[in-house]
Amino acid sequence: MTESENLHQEEIIKELCLCNGLSYEIVGKEGSNASKLEMFFSGYPRIVGLSLFPNLTSLTIVAQDIKEISGLETCVLLKELWIAECCIEKIGGLQECRNLEKLYLYYNKISKIENLDKLIKLQVLWLNHNMIKNIEGLQTLKNLNDLNLAGNLISIIGRCLDINEQLEKLNLSGNQICSFKDLTNLTRLPHLRDLCLNDPQYKTNPVCLLCNYSTHVLYHLPCLQRLDTFDVSAKQIKELADTTAMKKIMYYNMRIKTVQRHLNEDLEKLNDRKCKLQKLPEERIKLFSFVKKNLERELAELKGSGKGHSDRFNNNKLTEVEKPKNHETVTEDPTLHQKILTKLNALTERVTFWNKKLDEIEAIYRIEVKQKKKSHGLLIPFLLIELETVGNIHFEEGTRSDDWFNSCYELILSRFCTWDFRTYGVTGVKVKRVIKVNNRILRLKFEEKFQKFLDHESMHDSETYRKMLECLFYVFDPEVMVKKKHLLQILEKGFKESETSKLPLRKEAVILANSLSLCECPRIEFLQQKYKDEKKNSLEHELFRHGILLITKVFLGQSVQAREQEAISQANYPMVNSVFIPRKYLLSINCDCGFRQCKWFVFDHDLVLPEYIAEFEYITVVKAHSLFSSFNNVIPEESKKISEGSILSQDLKVDDDVMKMEPKIKPQAKLISLDDKTILSLAKTNIYSHIVSLNLHGNSLSKLRDLSKLTGLRKLNISFNEFTCLDDVYHLYNLEYLDASHNHVITLEGFRGLMKLKHLDLSWNQLKKSGDEINVLCKHTTSLLTLNIQHNPWQKPATLRLSVIGRLKTLTHLDGHLISEEETTAAMKFITGTKITQLSILRHSSTKEERPRILSIWPSAKILTQISKFGPHLHLNGNWHLKGLCNLVILDVYGNIIVWNQENYRLFVIFHLPELKALDGISIEPPETESAKDLFGGRLTSDMITERQGHSNFSQMQELNWTSSSIRTVDLIPVDQFRNVSNVNLQNNNLTSFSGLIYLPNVKVLCLNYNHIESIMPRLKPQTHLTNRQLLYQKVPSSGYGQQGTSKINRDTMSSENLPPIMHSLEVLHLGYNGICNLIQLQLNRLRNLKFLFLQGNEISQVEGLDNLAVLQELVVDHNRIRAFNDSAFAKPSSLLALHLEENRLRELSKLQPLVKLEKLFLGYNKIQDITELEKLDVISTLRELTVYGNPICRKMLHRHVLIFRLPNLQMLDGIPVNSEDRVKAEFHFSELQAKKNMVIILLILFLLKHIYYYNLPMSKSLTLSHLQIRLLCKFTPVTNSPMDGGSFCPMKASPIKITNVILPGGFSHYLGPDFTLTPEVEGILTRVSETVNKTLHLK
């Protein structure tokens, strides 16, 4: 060190001492006492002289010109160091400061965090306002609890802070963090309490400008106390964030489930279509196989017969019964053997042909399944991205009604050149789907860069601006399939430099094109060459029909044409934003549009914004294979008759020709069961051990006898039978061949002890569980060589072949195909990968007790699988446990038994969860809410009673009173708990039936006035006659809707007499004011113990349907529309004591004779106006109380005397007691009236006799009036004034008068008889005769 430098250093130390109040002269002695030094603003350009202060613990240097950290080697006790607002460019010189706890290096020029490894005690580190780009170099700082990196150039957090678990305070404001997903890395900091990403003192991070930023952070970091300088410790804030996040999780879970459901539905449709298409080939194969096996059996028998002796391998000869029938076939034709072989070959060819058809259908099916899965494959990742970014990246599928969809469609068509695709057989392009990409993160970057460029260039010309914005197609690498991961990365993060590709050029620039030809032709050529080299199936070759276009919005900026033989890079084109190459340098030009086609290279990735994803399909000259267009004629319902021109008609004719070939085997009788005698008969032997081969093909057997006796059996054929299991095939130690094809075998359980079995055919059965069946074969068929398991409904057909080959290591042939070495190797690898090992468990496990929060469906969404505590057989009833979740907005219970077994399940859930917005992946529309209210509103349940009473102890209830509550149905479950309820009042509700109440066993009084009761039990009309409202209610167990409007014919014919009685305890029933118009339809006959029935205020016109109410004592039908009683009203002797008929329309009182016990009858306010109708009450001798007021007949008081006189037991009339004086007056009035009547009758008789005598009628005797004995039986009509009341007796219209016991002299009895009646008509005749006689006498 030079002398000048020493002098300068001395001056610096003097300044240091002066600023800290120390004497420079004695600093050597007193320096050890100083523990804290400070230097502000100037005078300390280098860190020197600190060796004079060996006990220094705190050093503060602010606003100095220091460029490097040095001179701290002696400060081993230093705990706090501030070097702020200086010019430090690199962190260093701190290796000896191992006790350092606080380090402040803010406002410097540091670009990298480094050289902090030794500071293991460091707790506070401030590096804000520097030029740091990456978070790094903090691995050893495990005690760090305060880190400030604000105001830097950090764009990614990553996992660099995972080791700093003690971190409590973190400031990352003023950086370039833009990803929500990146923020989730902070969840691994369990002690973080203070996080700042948007400090007002710094520039805002891009991520803070996104929607739901605070919600996202608070959900993932629930322990935060402060966020962006704000206090967020309140419980309500955390709960709000949790609720919002959970709603989004459930919403996107619902959306994902919907996508999966739609995919499954599409796949099921394809599978159904495939099954229909395969039906005809399968039927043909089964038919030919059956005939083929018959011929093989016939051929074996023929060979056996030719040998002339019993061959031990041909024991399935004809029985004695069958032998004569087929004897001709066996012996007569010498060329029979050759004919059988010829037909067998023909049948084999046809089976092969139809198997190829099955393979074709299966291949087309797999292609379409692959395309369906590929089409749906992007939708779920899109939804997950939306969830993880809290909606800041949003994908929207377009329709024809969207303008942007039509614009994309037209853009693609306008940039498609037919001439360019002619060589590939492509004639057009069809856009199948367009998805709009709304990436707020990338859009903000694009707009920021774009605005900077405009500001820099000072461009204000709109035309120039418009020319620089362009919609271009992204050019994928033709040698790499468009992988989902790559596409998702572009859509989420943009065109990053880390993009993987074989071309180095793609790291320099984003490659784009304005032509479909430049994007797709290289891809098509590559795929064609690839499939040609690999000699793939021609159907697989069609995969390039489908493609994906990524449409981007690009700002080209300053653009130039690429120079030949010069690499396209930013270094070679430093002053431009993009470079383009015309098509003529890339591909040959076929038409004029080729001159406008260019390929673009944009250097700034942020100026390329992905906006749309378009899925398209090429229209080719060769039509695409489709399950919905191929082989349609093989589906019976779609083509009832195969025409001559159909693609399979010729093949079916060939089939018929083959079937008609000679010989034709006659059908044999089918065996239904198998016993020892039959086995020995078929085998033509008496010893079980001699049976080597047994052919039971083509019977109807479902069980076999104990075959273990057949110890020598080597070959067994039980094809085309009815077996569902092979339990009887066991311990056949010598069995080598078993054909169990074309049965209904569903399991191999019980299939055991077949250690020598080499050939097994299980095709055309119903085996499903591959794992279980393979385990059985592994254990009990250790020598198996060939196995056929085709045409079974296996649950996992894709991996079935590998599973079988990997487990059954002795197999050489599977499903008729030789097993290659490559298949064996692949199968072993597959089997190894399916095993769960300790290593795989450790790889996918975690030892952390608390799992960090992740805004994603898979790890954190809790899917509802079981609701009821009563088990998986869930029922929706009043005790449904989700009813209490009144704020639930999204629910998905799809796939549970409840969804299929419960009627009106969806409406039930919607009604009981009023805030629900989506159910099972389907949004809830207002009409559904209204329908739910209409269907389930007003349901009286146990829960409602519990809520009102405050307890659920229903066994103590005796009365149920629930009036004016709009109740429409009653569902009280369990009914046993309401066994003590005896009085029910549901007046003024909306009940249409009371079927929900019939199960209450001890109800005695039931009041249902002011409802809409139509029947005790609801009866539904045929569906074609139902109204919309009735259709809605027809499935509701306790609703009466659906039975309205029964025709009169049906009403007359229907009878409830045969229906079982119900509600045995019910004695009093109130059904007033229900609008009832038909009593038969009401089914009241079923209430056999009813004593009091109130039906007032209805629309009843006939009293009927009450015959079986044998103990009914009082019937109230006031205020109805009854005019008269029909024959069935009171057909049987009744126990009725009181009958209320007031305010009806009665005009007559006939047919009341059965009311033999009636004591009270109320007839007020009806239409009775004839006194003779009141006289009909004479038949009710027990009547004690009667009202007739308000009837027309009561306008005069004559009726009272008549009724008192004619009803001797009457005690009350019109509310007035009847006493002895009333009876005396009635008798006096009646006798006076009777005398006057007698006089009138006598005069009439004399008048008649006079005219008889005048006309000289013969008489045997003279008429003597003294012999006339008259007894009048008459019915009075009202008179104007009663003589009893001082009035005069006025003439009135005479009623019929019956005269009996009349002795007429002179033979009058011969003419008139002993009894005769004078009616008003007779009186009229007599009047006219009198007038005629008077005129005659006058003329004479």
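- The environment of CG in L209 is crowded: more than 12 heavy-atom neighbours from other residues, nucleotides or ligands sit within 6.0 Å.
- Using modelled atom types, one finds no donor on one side chain facing an acceptor on the other under 3.5 Å when comparing S51 with T74.
- With no hydrogens or angles considered, no side-chain donor-acceptor pair links K79 and N99 at under 3.5 Å.
- At distances below 3.5 Å, not a single donor-acceptor pair connects side-chain atoms of N577 with backbone N or O atoms of G557.
- Under the salt bridge (Lys or Arg N to Asp or Glu O under 4.0 Å) criterion, no residue pair touches residues 570-579, with sequence neighbours excluded.
- For E611, the salt bridge (Lys or Arg N to Asp or Glu O under 4.0 Å) partners two or more places apart in sequence, or in a different chain, are R443.
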Side-chain donor-acceptor pairs of residues 228-244 under 3.5 Å, sequence neighbours excluded:
{"from": "D228", "atom 1": "OD1", "to": "L197", "atom 2": "N", "distance (Å)": "2.7"}
{"from": "D228", "atom 1": "OD1", "to": "N198", "atom 2": "N", "distance (Å)": "2.9"}
{"from": "D228", "atom 1": "OD1", "to": "Y213", "atom 2": "OH", "distance (Å)": "3.3"}
{"from": "D228", "atom 1": "OD2", "to": "Y213", "atom 2": "OH", "distance (Å)": "2.7"}
{"from": "D231", "atom 1": "OD1", "to": "S233", "atom 2": "N", "distance (Å)": "3.0"}
{"from": "D231", "atom 1": "OD1", "to": "S233", "atom 2": "OG", "distance (Å)": "2.8"}
{"from": "D231", "atom 1": "OD2", "to": "S233", "atom 2": "OG", "distance (Å)": "3.4"}
{"from": "K238", "atom 1": "NZ", "to": "P222", "atom 2": "O", "distance (Å)": "2.8"}
{"from": "K238", "atom 1": "NZ", "to": "L224", "atom 2": "O", "distance (Å)": "2.8"}
{"from": "D242", "atom 1": "OD1", "to": "R853", "atom 2": "NH1", "distance (Å)": "2.7"}
{"from": "T243", "atom 1": "OG1", "to": "E239", "atom 2": "O", "distance (Å)": "2.7"}
{"from": "T244", "atom 1": "OG1", "to": "L240", "atom 2": "O", "distance (Å)": "2.8"}

Please step through side-chain contact (heavy atoms from CB on, under 4.5 Å) for the pair L125 and L119, ending with a clear verdict. CA-CA 11 Å; L125 176 61; L119 308 182; over 6 Å; no
Walk me through whether V554 and L469 qualify under side-chain contact (heavy atoms from CB on, under 4.5 Å). CA-CA 6 Å; V554 186; L469 277 176; over 6 Å; no
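- Partners of F446 according to the ring-ring contact (aromatic ring centres under 6.0 Å, His included) rule, which considers only residues two or more places apart in sequence or in another chain, do not exist here.
- Y573 meets the ring-ring contact (aromatic ring centres under 6.0 Å, His included) test with no other residue; sequence neighbours excluded.
- Formation of a donor-acceptor pair under 3.5 Å by the T187 side chain with backbone atoms of H220 is not found in this model.
- Between I69 and L94, the closest side-chain pair of non-hydrogen atoms falls below 4.5 Å.
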Check against side-chain contact (heavy atoms from CB on, under 4.5 Å), L491 and I393: CA-CA 9 Å; L491 298 178; I393 300 178; over 6 Å; no
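- Of the possible donor and acceptor atoms, none in the side chain of D199 sits under 3.5 Å from a partner among the backbone N and O of S173.
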Applying ring-ring contact (aromatic ring centres under 6.0 Å, His included), run through F476 and Y474 and close with a yes or a no. CA-CA 6 Å; F476 290 96; Y474 176 68; 4.9 Å; yes
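- Counting heavy atoms from C-beta outward, I91 and L105 have side chains that approach closer than 4.5 Å.
- The backbone N or O of I154 lies less than 3.5 Å from no partner atom in the side chain of N152, so there is not a single donor-acceptor pair.
- A donor-acceptor contact shorter than 3.5 Å is absent between the side chain of H394 and the backbone of N439.
- For Y251, there are no ring-ring contact (aromatic ring centres under 6.0 Å, His included) partners, not counting sequence neighbours.
- Ring-plane geometry between H129 and Y107 is classed as parallel, the angle between the planes falling under 30 degrees on a 0 to 90 degree scale with a further cut at 60.
- Under the salt bridge (Lys or Arg N to Asp or Glu O under 4.0 Å) criterion, E38 pairs with K36, not counting sequence neighbours.
- Minimum interatomic distance between L138 and N164 (heavy atoms only, all atoms of both residues): O-ND2, 3.1 Å.
- For the salt bridge (Lys or Arg N to Asp or Glu O under 4.0 Å) condition, the pairs that include at least one residue of residues 141-164, sequence neighbours left out, are R159-D162, D162-R188.
- Annotation: salt bridge (Lys or Arg N to Asp or Glu O under 4.0 Å) contacts of E168 (sequence neighbours excluded): none.
- F601 is not listed as a side-chain neighbour of L512, based on a closest heavy-atom distance of 4.5 Å or more.
- A 4.5 Å side-chain heavy-atom check between K112 and E136 finds at least one atom pair inside the cut-off.
- For the side chain to side chain donor-acceptor pair (under 3.5 Å) with Y202, the qualifying choice from N128, N175, N171 is N128, the only one to do so.
- With N145 contributing its side chain and Q166 its backbone, the two residues share no donor-acceptor pair below 3.5 Å.
- With contacts defined as side-chain heavy-atom distances shorter than 4.5 Å, the pair L72/L81 qualifies.
- With hydrogens and angles disregarded, a donor-acceptor distance shorter than 3.5 Å links the side chain of D604 to the backbone of D606.
- For the side-chain contact (heavy atoms from CB on, under 4.5 Å) with L161, the lone residue among L186, L144, L192, N185 that qualifies is L186.
- Smallest separation of non-hydrogen atoms from I47 and I61: CG1-CD1, 4.0 Å.
- Partners of F395 according to the ring-ring contact (aromatic ring centres under 6.0 Å, His included) rule, which considers only residues two or more places apart in sequence or in another chain, are F382.
- Note that the CG atom of L472 and the CD atom of E470 stand 5.0 Å from one another [nearest 0.5 Å].
- Contact annotation: the side chain of I156 approaches that of D182 to within less than 4.5 Å [non-hydrogen atoms, C-beta and beyond].
- Y44 and D65 share no side-chain donor-acceptor pair at under 3.5 Å.
- A donor-acceptor distance shorter than 3.5 angstrom exists from the side chain of N20 to the backbone of L16, with no hydrogens or angles considered.
- Looking only at side-chain heavy atoms (C-beta outward), V579 and W600 stay at 4.5 Å or farther from each other.
- Contacts of N438 classified as side chain to side chain donor-acceptor pair (under 3.5 Å), with partners at least two apart in sequence or in another chain: none.
- At distances below 3.5 Å, not a single donor-acceptor pair connects side-chain atoms of T552 with backbone N or O atoms of V608.
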Check against side-chain hydrogen bond (donor to acceptor under 3.5 Å, both in side chains), Y252 and E386: CA-CA 8 Å; Y252 283 102; E386 284 190 27; 3.0 Å; yes
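- With a 4.5 Å cut-off on side-chain heavy atoms, L122 and L103 count as touching.
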CA sep, side-chain torsions, deciding dist, call: K133, S155, side-chain contact (heavy atoms from CB on, under 4.5 Å): CA-CA 7 Å; K133 293 184 177 181; S155 58; over 6 Å; no
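- The list of ring pair (Phe, Tyr, Trp, His ring centres under 6.0 Å) pairs with a residue in residues 67-104, not counting sequence neighbours, reads W82-Y104, Y104-W126.
- Although no hydrogens or angles enter the test, the distance criterion places no donor-acceptor pair under 3.5 Å between the side chain of H216 and the main chain of N212.
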Hey, mind stepping through E388 and K181 against salt bridge (charged side-chain N to carboxylate O under 4.0 Å, His left out) and telling me if it holds? CA-CA 6 Å; E388 290 169 356; K181 189 181 291 187; 3.2 Å; yes
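- Heavy-atom contacts from other residues, nucleotides or ligands closer than 6.0 Å to NZ of K436 number more than 12.
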